[in-house]
Protein chains: 2
Amino acid sequence: MKFLTDFINSIEKTPDVSIEKLLTIISYKEFKKGDSIAKLGEIPSDVYVLKSGVIRSFFTDEKGKEYIRNLFIPVKTTGALGALILNKPSRLSYDCLTECKVYSINFNKFKKLTKEDKAISNLYSTILEYIFLTLESKIYDLSVLNATERYLKLKKQIPDIEHLIPQYHIASYLNITPVQLSRIRKEIYSK
Amino acid sequence: MKFLTDFINSIEKTPDVSIEKLLTIISYKEFKKGDSIAKLGEIPSDVYVLKSGVIRSFFTDEKGKEYIRNLFIPVKTTGALGALILNKPSRLSYDCLTECKVYSINFNKFKKLTKEDKAISNLYSTILEYIFLTLESKIYDLSVLNATERYLKLKKQIPDIEHLIPQYHIASYLNITPVQLSRIRKEIYSK
DNA sequence: TTATCGTATTAACATATGTTAATAGGTTTG
DNA sequence: CAAACCTATTAACATATGTTAATACGATAA
């Protein structure tokens, strides 16, 4: 499993013996477009390493309106971490916007390994640090940037985003309506 | 140091021997209103446990406008964690809105302990998990709630917030102008 | 006490974005 | 091919919030 070993070591240099332990609880899976990897209201069991494809996470409000909170592209860890930590039903759904190839990890088994193995505990801390930095940046974007700036930033991060998913999903990720995204695109590309 | 021991154990039950190690790198400090515990553009060295007082973290944009990102009340960990993780100049400032009593922890020494001591590594993971949940909730608030709802939520979390800090700070935390907060308050309290 | 200063409110106007609905393209399906 | 469907665009209008400036209020200092 060179792919996984490399991914783990890119996060935090980890002894082979610890990686061996991790590999025993990791399995490969494929999902189709539209498949869900974690559902609203259900207690999730797994976290994932995304090898290929695009996954979105989203809230749903009382009216059924969806708010995409995050877009995941390879190589990233993904899954309903908040619900896994709390062992409660997830407030977010996660589903595949394209066909996805993932490695699936049982979170409880993983947490058990963190309690037993110092290197794995350190690995987990480092992953949480990365996630912290990502969320902090997301809060900055939502607080300080306007919708046009958020759109340009997304385009910079994922240049072919327009080909990967429909615009109404992009709009939701930017926390605006498709109508407003259309206006912004018109404004930008008319120049 | 019963206060600290209790605080640590409330996060994650930790062996006394590990707590002993932690206590060797922790020191008590007091700050005056307006003092800074981490400055924009400077590489920070410490994280803190807030024992009393109110601390705010904030961005500053090119025009010098401040965006309060978080308000910390006891008992919470605080400090420029993003900058500490990256060992880079902080994009956020942290300062005391009131007199503050804190415990100060050198982050590098703390990180060194996490590499050596499994229990401390687990403690760090658990702290990061809590922070993750807090930030995820903050993103939800910024995405899904309108300003009135964010205000009511803040009032619920910190009922005496109006007495602790001026309204223009509250407005900044809510990501609106003082003018808009005034409108919202008028609307709410006229009912 | 009066003057000063920081803060909050209010009004008037500007702007970004939301809502709804109509329309136009493109793709899929019968 | 035509029908049906999904998506994006556009227009018209509504709303939340920003900006600026004037005013009022409250605390502190002279």
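Just so you know, these numbers come straight off a predicted model, no measurement behind them. Heavy atoms only: backbone and side chains are in, while hydrogens, waters and symmetry mates are out. Reminder, nothing fancy here: chain letters follow the sequence lines and each chain counts from 1.
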(message) For a quick check of understanding: with a heavy-atom distance under 4.0 Å over all strands, which category does A:Arg183 fall into, base, sugar-phosphate or nothing?
(response)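 The residue A:Arg183 makes base contact.
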
(request) Kindly state which residues belonging to residues 161-180 of chain A come within less than 4.0 angstrom of DNA chain D, counting heavy atoms of the residue only, listed by number. (result)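 The stretch gives A:Pro166, A:Gln167, A:Tyr168, A:Val179 as the residues lying under 4.0 Å from the strand, ordered by number.
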
(message) Is it true that B:Tyr168 and B:Glu66 share a donor-acceptor pair across their side chains at a distance under 3.5 Å?
(response)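 B:Glu66 vs B:Tyr168: no donor-acceptor pair found between side chains.
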
(message) Could you check whether A:Asp46 and A:Ser104, counting side-chain N and O atoms only, form a donor-acceptor pair closer than 3.5 Å?
(response)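 Looking only at side-chain atoms, A:Asp46 and A:Ser104 do form a donor-acceptor pair, the distance falling under 3.5 Å.
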
(request) Flag the pair A:Leu71 / A:Ile161 as yes when at least one side-chain heavy-atom distance between them is below 4.5 Å, and no otherwise. (result)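 A:Leu71 reaches A:Ile161 side chain to side chain.
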
(message) Could you tell me if the side chain of B:Leu40 sits less than 4.5 Å from the side chain of B:Phe59, heavy atoms only?
(response) no

(request) Answer yes or no: is there an ion pair linking A:Arg69 with B:Glu136, defined by an N-O contact shorter than 4.0 Å? (result)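 Between B:Glu136 and A:Arg69 there is no salt bridge, as every charged N stays at least 4.0 Å from the carboxylate O atoms.
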
(request) Determine the interplanar angle of the A:Phe7 and A:Phe3 rings, folded into 0 to 90°, and report it as parallel if under 30°, tilted if 30 to 60°, perpendicular if over 60°. (result) parallel

(message) With a strict under 4.0 Å distance from non-hydrogen atoms of chain B, what nucleotide opens and what nucleotide closes the contacted stretch of DNA chain C, reading 5' to 3'?
(response)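 That gives a stretch of C:dT7 to C:dA12.
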
(request) Verify the cluster assignment for A:Tyr151 and A:Leu164: are they in a single hydrophobic cluster under the rule of side-chain heavy atoms below 4.5 Å apart? (result) yes

(request) Mark yes or no: A:Lys138 above the aromatic ring of A:Tyr173, with NZ or CZ under 6.0 Å from the six-membered ring centre and no more than 45 degrees from the axis. (result)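 Judged by the rule, A:Lys138 and A:Tyr173 form a cation-pi pair.
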
